[in-house]
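Below is one structure, written out as C-alpha cells; the observations come after it.
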Amino acid sequence: MDGATGPVRSRRRTGRLWAGGRRAGAALVVLPLLGALGLVLGPAGTPSAQAASGCSGRLAKTVAFSTGSLRVYETRAYACAVAVAGKPGQRRPMRVSLQPRGGSAVVDSGRFTQLAGPVKVHALNRCVRASGSVGGSSASTGWILC
C-alpha cells in the first residue's frame with residue numbers, strides 16, 4: 001500500500017506547483033482561443049469586414065460610394081479587392097476588378113446579394129488599381145500600393 005500511496009503523497013506535497021502549472025497550461029490553451037475570437041469579432045464585437053470579405057492581409061484602402069464600398073487589402077506579395085453592398089439583401093449587379101501595373105485585370109461580376117469578389121493578384125513591388133460597382137454606382141482608385 002505504501003508504494004501505491006507514495007506517488008500520491010509526493011503530488012500532494014508539490015500540489016501547489018503542480019496545480020499552478022496546470023492552471024498555467026489551461027491559460028495557454030484559453031488565451032489563443034480568445035485571441036482567435038477577437039480576430040473574428042473585431043474590436044467592437046461585430047464581425048470584422050476582413051472576415052466577411054474573404055481577403056487576407058491589412059485593409060489598405062476603402063472607397064465609399066452611394067450603394068456600397070470598394071475595399072482593397074494587401075499582404076507582402078498580394079493585393080485583394082472586394083465590392084461590398086451598403087445594404088445587403090436583394091440580388092443586384094455587382095462588379096470588382098483589380099489590375100497590377102503591367103498585367104491584366106482580374107474581374108468578378110454577376111448578380112450578388114452582399115459582395116463581389118474577392119479578386120487577388122500578385123503585386124510584389126507593383127502598383128495596383130481597383131474598381132468596383134454595386135447597382136448603378138461605382139468607384140475606382142488610381143494606382144495605389146506603389
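Nothing fancy with the numbering, it's 1 onward along the sequence. Quick caveat, the model's predicted, so the values are computed rather than measured.
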Examine distances only and state if a side-chain atom of [X] and a backbone atom of [Y] form a donor-acceptor pair shorter than 3.5 Å.
{"X": "Thr113", "Y": "Gln90", "value": "no"}
{"X": "Arg91", "Y": "Arg111", "value": "yes"}
{"X": "Thr67", "Y": "Val134", "value": "yes"}
{"X": "Glu74", "Y": "Tyr78", "value": "no"}

Begin with the C-alpha distance, continue with both residues' side-chain angles, and end with the deciding distance and a verdict on side chain to side chain contact (heavy atoms under 4.5 Å, CB included) for Val106 and Lys120.
CA-CA 7 Å; Val106 178; Lys120 184 176 176 181; over 6 Å; no
Under the side chain to side chain contact (heavy atoms under 4.5 Å, CB included) test against Val72, which residue among Leu59, Val82, Ile144, Val63 passes?
Ile144
Shortest non-hydrogen pair, Ser104 vs Pro100, comes out as O-CD, 3.6 Å
Heavy-atom nearest pair, Gly132 first then Ala83, reads CA-CB, 4.3 Å
Thr62-Ser69 side chain donor-acceptor pair, cut-off 3.5 Å
no
Mind running side chain to side chain contact (heavy atoms under 4.5 Å, CB included) on Thr75 and Ser56 for me, showing each step along the way?
CA-CA 7 Å; Thr75 62; Ser56 61; 3.9 Å; yes
Atom [atom1] in [X], atom [atom2] in [Y]: separation rounded to 0.5 Å?
{"X": "Arg129", "Y": "Lys61", "atom1": "CZ", "atom2": "NZ", "answer": "15.0 Å"}
{"X": "Leu70", "Y": "Leu98", "atom1": "CG", "atom2": "CG", "answer": "9.0 Å"}
{"X": "Arg95", "Y": "Ser109", "atom1": "CZ", "atom2": "OG", "answer": "6.0 Å"}
{"X": "Asn125", "Y": "Leu145", "atom1": "CG", "atom2": "CG", "answer": "11.5 Å"}

Going by side chain to side chain donor-acceptor pair (under 3.5 Å), Ser131 matches just one of Ser140, Ser138, Ser97. Which one?
Ser97
Just do the side chain to side chain contact (heavy atoms under 4.5 Å, CB included) check on Arg71 and Tyr73 with the steps written out, would you?
CA-CA 7 Å; Arg71 297 179 183 159; Tyr73 296 84; 3.9 Å; yes
Among residues at least two apart in sequence or on other chains, which ones pass ring pair (Phe, Tyr, Trp, His ring centres under 6.0 Å) with Phe65?
none
Going by heavy atoms in the side chains, are Arg92 and Phe112 under 4.5 Å from each other?
no
Contact check, side chains of Leu124 and His122, non-hydrogen atoms, under 4.5 Å:
yes
Assigning hydrophobic clusters by single linkage (Ile, Leu, Val, Met, Phe, Trp, Tyr; side-chain heavy-atom cutoff under 4.5 Å), is Met94 placed with Val96?
yes
